[in-house]
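First the proteins, then the strands, lettered A, B, ... as listed; each starts at 1. Predicted model only: the values in this text are computed from it and were never measured.
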Amino acid sequence: MPELPEVETVRRTLEPKLAGLKFTAVQILMPKVIKTPDPDQFKEIILDKKIIKINRRGKYLLLHLSEKYTLLVHLRMTGRLTYSEKEAPVAKHTHVIFTLSNGCQLRFCDTRQFGRLWMVPVPSLEELAGFKDLGVEPLDDRFTRDYLKKELRRRHARIKPLLLDQTFIAGLGNIYTDEALHRARINPERLCTTLTPREIAHLYHAIQEVLQEGIENRGTTVRDFIDGNGRAGGYQELLRVYSREGEPCPHCNRPIVRKKVGGRSSYYCPFCQKI
DNA sequence: CTTCCTCCCTGTTCGC
DNA sequence: TGCGAACAGGGAGGAA
């Protein structure tokens with residue numbers, strides 16, 4: 001499940017390989033993964049464009065191309081974007097193969113077919129549904145304790161579904177949300193308006209801490225995630241609650257439970273994270 | 001306006 | 001042991 005730290009890891013592994021290269025060919029094996037434009041136009045636009053740099057916004061990767069175009073990639077659940085030799089065997093569920101000017105390839109692969117690609121002229125980014133309404137970047141200076149406090153006062157949701165709302169904060173997913181709530185000792189079902197200033201402060205720091213640690217450990221590989229070079233992450237070893245149902249809470253030793261909150265599996269310690 | 005639920009998809013795990 | 005059902009989940013879109 002690529003969340004902010006995983007997408008950032010892909011960005012960091014791909015940028016040094018791709019910057020300066022041009023696209024010389026594209027094979028679209030699964031047309032539906034390209035949201036815009038249609039496959040023929042997509043090919044026409046991308047051919048001969050140069051990759052200038054790669055950015056990240058929330059869980060989106062942005063490949064900035066020459067002539068003011070951006071190729072956006074969202075990996076959703078099982079998407080993979082990898083750099084490889086063109087002789088390397090093509091993995092099952094590979095949907096798009098980009099050939100580069102150095103003879104190597106960039107491949108988009110996605111078992112569950114939820115991931116999507118968009119090719120847009122830079123000015124159209126501001127109109128792109130899903131992208132234009134993204135909330136604050138949690139590792140940016142604009143994400144302040146005060147911002148969090150004010151927003152939590154304004155909303156009327158349970159804290160976990162709210163943290164997963166990309167229009168609120170961009171980049172958190174199920175793993176890092178559960179980890180942040182555990183560190184802040186906040187139950188995922190708590191109404192956001194009931195958090196005390198002290199809890200809000202803890203949550204603010206916990207969000208930044210888990211994301212930072214996730215990036216430092218090159219992301220979390222619970223099942224599918226690999227970086228741009230095909231390498232798994234390392235943060236799964238350091239998870240305190242996520243996917244650890246029945247294991248002892250690292251703080252109180254009581255068993256971690258799993259419960260659906262807002263339709264998503266949530267892992268937490270009922271003793272440390274009381275309602 | 002808001003929040004919450006369903007659906008998309010395949011591989012894996014669960015239960016009979 | 002075999003097989004169908006349930007589950008996993010990010011986000012679009014629709015319901016309430």
Side-chain angles (χ1 to χ4, degrees), chain A residues 1-10 29-36 56-62 72-81 90-96 108-118 120 125 127-135 137-138 150-181 188-195 211 214 219-226 232-233 235-236 239 241-246 256-268:
Chain A
M1 300 123 247
E3 305 180 22
L4 188 154
E6 288 73 38
V7 179
E8 178 61 24
T9 301
V10 174
L29 308 168
M30 173 78 75
K32 75 167 183 185
V33 303
I34 297 175
K35 284 284 279 188
T36 189
R56 180 195 56 74
R57 172 83 171 95
K59 302 176 195 172
Y60 287 82
L61 275 173
L62 294 95
L72 275 93
V73 181
H74 197 303
L75 303 172
R76 294 279 179 96
M77 304 265 318
T78 53
R80 294 171 163 183
L81 196 62
V90 175
K92 199 177 169 186
H93 306 296
T94 297
H95 305 319
V96 186
F108 175 71
C109 169
D110 187 359
T111 307
R112 290 184 212 173
Q113 304 171 22
F114 286 172
R116 292 294 181 263
L117 281 67
W118 299 255
V120 294
L125 277 173
E127 299 147 33
L128 196 71
F131 183 79
K132 67 175 166 59
D133 297 318
L134 286 176
E137 277 293 320
K150 283 183 177 149
E151 284 294 311
L152 292 181
R153 207 185 297 152
R154 203 173 66 78
R155 306 273 191 141
H156 293 280
R158 288 173 297 173
I159 189 65
K160 162 128 184 191
L162 182 60
L163 292 176
L164 291 174
D165 181 349
Q166 301 300 298
T167 67
F168 176 52
I169 298 174
L172 287 172
N174 215 25
I175 298 173
Y176 294 92
T177 298
D178 280 359
E179 292 298 311
L181 287 171
E189 297 191 275
R190 284 276 297 283
L191 286 175
C192 62
T193 45
T194 69
L195 298 193
L211 293 175
T220 301
T221 301
V222 172
R223 183 170 282 160
D224 300 285
F225 172 71
I226 53 171
Y235 197 56
Q236 60 282 359
L239 296 176
V241 288
Y242 185 81
S243 85
R244 299 205 183 279
E245 184 182 16
I256 302 297
V257 303
R258 175 164 69 156
K259 186 182 180 188
K260 290 251 184 201
V261 178
R264 293 282 175 259
S265 279
S266 300
Y267 298 88
Y268 63 98

Taken to the nearest whole Å, CG/A:D110 to P/C:dG10 is 13 Å
Kindly indicate whether the side chain of A:L75, heavy atoms from C-beta on, has any atom under 4.5 Å from the side chain of A:K59.
-> no
Would you say B:dT10 has OP1 or OP2 under 4.0 Å from some side-chain N or O of A:H93?
no
Whole-Å distance, A:F168 CZ to B:dC4 C1', equals 17 Å
Between A:M77 and A:F131, whichever has its closest DNA chain C nucleotide further toward 5' is A:M77
- Message: Please tell me if A:Y242 has a side-chain N or O lying less than 4.0 Å from either OP1 or OP2 of C:dG9.
- Response: yes
5'-most contact on DNA chain C (nearest-nucleotide basis), A:N174 vs A:G130, goes to A:N174
- Query: When the ring planes of A:F131 and A:Y60 are compared, do they come out parallel, tilted or perpendicular, using 30° and 60° as the limits?
  - Reply: perpendicular
Taken to the nearest whole Å, CD/A:E245 to P/C:dA8 is 9 Å
Between NE2 of A:H156 and P of B:dC4 the distance, given in whole Å, is 11 Å
- Message: Is the phosphate of B:dT10 approached by A:Q113 (side-chain N or O, under 4.0 Å from OP1 or OP2)?
- Response: yes
Tested for salt bridge (Lys or Arg N to Asp or Glu O under 4.0 Å) against A:E189, the lone hit among A:R264, A:K160, A:K260, A:K259 is A:K259
Kindly say if A:K32 contacts the phosphate of B:dC9, meaning a side-chain N or O under 4.0 Å from OP1 or OP2.
yes
For the side chain of A:R76 and the base of C:dG9, is some donor closer than 3.5 Å to an acceptor across the two?
no
Is A:K92 close enough to B:dT10 that one of its side-chain N or O atoms is under 4.0 Å from OP1 or OP2 there?
no
CG of A:D165 to CG of A:D133, rounded to nearest 0.5 Å, is 10.0 Å
Do A:Y235 and A:Y176 come within less than 4.5 Å of each other through their side chains, counting heavy atoms only?
yes
Of A:T111 and A:P161, the one whose nearest nucleotide on DNA chain B sits closer to the 5' end is A:P161
Under 4.0 Å between a side-chain N or O of A:K35 and OP1 or OP2 of C:dA12? no
Rounded to whole Å, the OH-P distance (A:Y267 to C:dA8) equals 7 Å
Between CZ of A:R116 and P of B:dC9 the distance, given in whole Å, is 8 Å
Separation of C:dA12 atom P from A:L72 atom CG, nearest Å, is 12 Å
query = Would a 4.5 Å heavy-atom cut-off, applied to side chains only, mark A:V10 and A:P2 as touching?
reply = no
Answer yes or no: does a side-chain N or O of A:R154 lie under 4.0 Å from OP1 or OP2 of B:dT3?
no
Testing C:dA12, B:dC4, C:dG10 for proximity to the side chain of A:R264, the answer is C:dG10
Below the 4.0 Å mark, does C:dA8 have OP1 or OP2 next to a side-chain nitrogen or oxygen of A:S265?
yes
Does the ring of A:F114 lie flat against the base of C:dG10, closer than 5.5 Å centre to centre with planes under 30°? yes
Side-chain N,O (A:R112) to OP1/OP2 (B:dC8) below 4.0 Å: no
Atom CH2 of A:W118 and atom C1' of C:dA12 are separated, to the nearest Å, by 10 Å
